[in-house]
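Single-structure report; data block below.
Along the sequence shown, residues are numbered consecutively beginning with 1.
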Amino acid sequence: MKKNKSIIILMSAFLFQQGIVKGQWTDKREKPVVPIEVKFGAITKSNRMDPAMAAFRNYGLGQFIHWGLYAIPGNEWNGVSARQGAAASEWIRSWGGPTTPKNWIDIYDNLYKQFNPKNFDAKKWAKRAKEMGAKYVIFTTKHHDGFCLWPSKYSDYTIANSPYKKDIVKQVVDAYSEQGIDVYLYFSVEEWNNKDYVKEIPKTADEKARFDRFLKYTRNQLLELQANYPQIKGFWFDGTWDPSWINSYEFTYNLEKELRNNNPNLIIGSRFRNDEYESRHFDSNGVLLGDYEQGWERKMPASIDILGGNDWDCVMTIPPNGWGYIKNTDGMYLKTTDDVIDLLMRSRSMNGNFVLNFGPDENGNMSKYENELITDFGKWTKVNAEAIYEVNHFPLESKYGYYTISKTDGKSLFLTVINKPINNILRLVFPKSADLTPASASLLNDKRDLLLKKTNIGFDRDKNMYFDITLPKSLKNKNAFVIKIKLDKSKKIENKLMDAKI
Ligand code: FHN
């Protein structure tokens with residue numbers, strides 16, 4: 001490896017410039033001109049075609065749940081808000097600055113002694129998630145604070161040592177599976193209060209021994225989770241950005257192999273590991289390191305092109321940031337039903353899954369706001385299900401909203417109308433070369449037929465065709481609505497207008 005050092009440095013500089021290694025996630029990802037040899041690159045082929053991955057692509061909507069000790073303070077302590085001192089509510093252990101309570105870390109690390117969620121009912125959560133239309137859930141088994149919501153044999157800092165005692169992960173896995181919702185386990189590698197965890201690349205013998213123990217511990221826990229909850233469909237990894245973990249590329253490569261050997265259908269995102277050149281998510285040749293892109297956290301691709309055909313999910317908070325419970329959301333913008341409909345359909349129009357996060361309180365209750373959102377959003381996903389699940393990207397854009405097309409027949413096109421035109425006429429623009437064009441249209445929610453006609457707008461030398469759909473004046477929609485458009489073989493006969501003489 002030493003021989004190639006200068007090439008590697010050059011290449012790293014290139015990748016850095018290209019935004020692959022440490023640049024902006026949303027930058028266009030270029031591949032290096034000259035491919036380099038990567039030993040610890042991708043283990044699975046991109047675009048896996050097996051049934052598990054096919055199911056992943058059809059989920060459409062997921063639910064994320066961040067639950068742990070941070071639910072007890074709920075972003076404040078003794079009436080003092082952590083807003084100015086902590087990055088997010090689930091980061092409250094790292095509260096810094098003048099507002100930090102005295103002995104805060106100590107207080108936080110002892111919160112497990114009072115974790116006793118008296119209203120926790122996994123069945124109720126799962127039922128509500130189903131009502132919302134979620135097809136998969138990502139549940140925090142252990143966040144950065146290291147507290148395990150399952151009774152891990154390998155740690156004392158677990159639910160077993162809380163007054164609650166019972167295995168929370170098991171209840172979630174069972175309840176959601178029972179509702180037909182696939183379960184993915186969120187697992188933070190980084191642990192703030194584990195004495196063996198070393199952030200930087202271990203240098204001293206002591207650091208090396210500690211971190212070695214930590215790696216073994218991580219492996220044990222992951223194998224334990226797989227053995228305890230064999231129904232899980234995948235892991236959602238986090239906290240994998242520290243130099244110590246990045247430097248453990250051989251270990252993480254082998255661990256991913258082992259997890260996949262235990263369950264060949266397992267789905268793992270791109271956040272788990274990096275190659276030997278510190279390239280995370282994508283290897284140094286731009287190949288995805290996992291089954292789907294896992295970097296779309298509170299952000300969206302500007303267009304499908306940037307994704308290079310990779311599968312992906314977008315995970316999103318309801319408040320601006322903050323994944324764990326927040327007692328007081330005064331003055332915070334909370335995403336509305338309209339917002340989440342928009343984000344869901346934007347994701348679906350680019351073949352991604354949209355995952356909405358919930359942060360239950362210390363007793364296991366979702367907030368009033370979250371509950372209302374579930375109900376409202378769920379009503380929408382129910383009547384518009386055809387446009388959300390088992391659909392593909394459609395390669396045209398619409399100024400009214402987002403297109404998705406049925407995978408089943410390839411002829412049912414859905415237009416989610418976010419921007420309703422003032423004149424109530426939706427003008428669809430199709431290239432003249434299109435094989436399939438709109439033949440009929442109806443409202444998806446009440447199946448009402450809509451007037452559709454091809455309109456020659458008289459543009460000279462136009463490459464496009466136009467189809468006008470008239471919306472009924474009586475359409476008083478509360479939220480975005482979906483038009484189902486049946487496509488059919490295009491009739492090419494058109495009245496030829498005279499070309500302009502120029
Ligand atoms: O630091 C975490 C954060 O608390 C939260 O868990 C999110 C969820 O995607 N992930 C990390 C930040 O990238």
| task | Indicate the ring-plane relationship of W296 and W312, choosing parallel, tilted or perpendicular according to the 30° and 60° boundaries. | result | perpendicular
| said: Distance alone, cut at 3.5 Å: any donor-acceptor contact between the side chains of H66 and Y186? | reply: no
| Set of side chain to side chain donor-acceptor pair (under 3.5 Å) partners for Y389, sequence neighbours left out | none
| request: Decide if the gap between the ring center of Y112 and the ring center of F115 is smaller than 6.0 angstrom. | output: no
| message | Quick one about D339 and Y333 (side-chain donor to acceptor, distance below 3.5 Å, no hydrogens or angles considered), yes or no? | response | yes
| Other residues, nucleotides, ligands: >12 heavy atoms within 6.0 Å of K127 NZ | no
| Any chance NZ of K165 has more than 12 other-residue heavy atoms, nucleotides or ligands included, within less than 6.0 Å? | yes
| task | Quick one: list whatever passes side chain to side chain donor-acceptor pair (under 3.5 Å) with R83, sequence neighbours left out. | result | none
| Listed once per pair and sorted, the side-chain hydrogen bond (donor to acceptor under 3.5 Å, both in side chains) pairs that draw on residues 378-387, sequence neighbours left out | E386-K484
| query | Does one side chain, of R273 or S248, offer a donor that lies under 3.5 Å from an acceptor on the other? | reply | no
| query | Should E390 and K135 count as an ion pair when the cut-off is N to O under 4.0 Å? | reply | no
| request: Could you tell me whether D212 and K208 make a salt bridge, using a distance below 4.0 angstrom between a side-chain N and a carboxylate O? | output: no
| message | Does either side chain, that of T375 or that of E131, offer a donor lying less than 3.5 Å from an acceptor on the other one? | response | no
| field | E293 and S270 side chains, donor-acceptor separation under 3.5 Å | value | no
| said: Which label fits H144 and W91: parallel for a plane angle under 30°, tilted from 30 to 60°, or perpendicular past 60°? | reply: perpendicular
| query | Would you call the rings of Y70 and H143 parallel, tilted or perpendicular, where under 30° means parallel and over 60° means perpendicular? | reply | perpendicular
| task | Consider only side-chain N and O atoms of T44 and D291, and report whether a donor and an acceptor are under 3.5 Å apart. | result | yes
| task | Classify the side-chain pair K257/N254 by whether it contains a donor and acceptor separated by less than 3.5 Å. | result | no
| request: Establish, for the pair K233 and F56, whether the NZ or CZ atom is under 6.0 angstrom from the six-membered ring centre and no further than 45 degrees off its axis. | output: no
| query | What do you reckon, is NZ of K123 surrounded by more than 12 foreign heavy atoms closer than 6.0 Å? | reply | no
| task | Answer yes if the side chains of N194 and Y157 hold a donor-acceptor pair under 3.5 Å, and no otherwise. | result | no
| query | Angle class for the Y249/F40 ring planes (parallel below 30°, perpendicular above 60°, tilted otherwise)? | reply | tilted
| About how many Å separate CZ of F358 and CH2 of W323, when rounded to the nearest 0.5 Å? | 11.5 Å
| Pair E250 + K39: basic N to acidic O under 4.0 Å | no
| Do the side-chain N and O atoms of E191 and Y217 include a donor-acceptor pair separated by under 3.5 angstrom? | yes
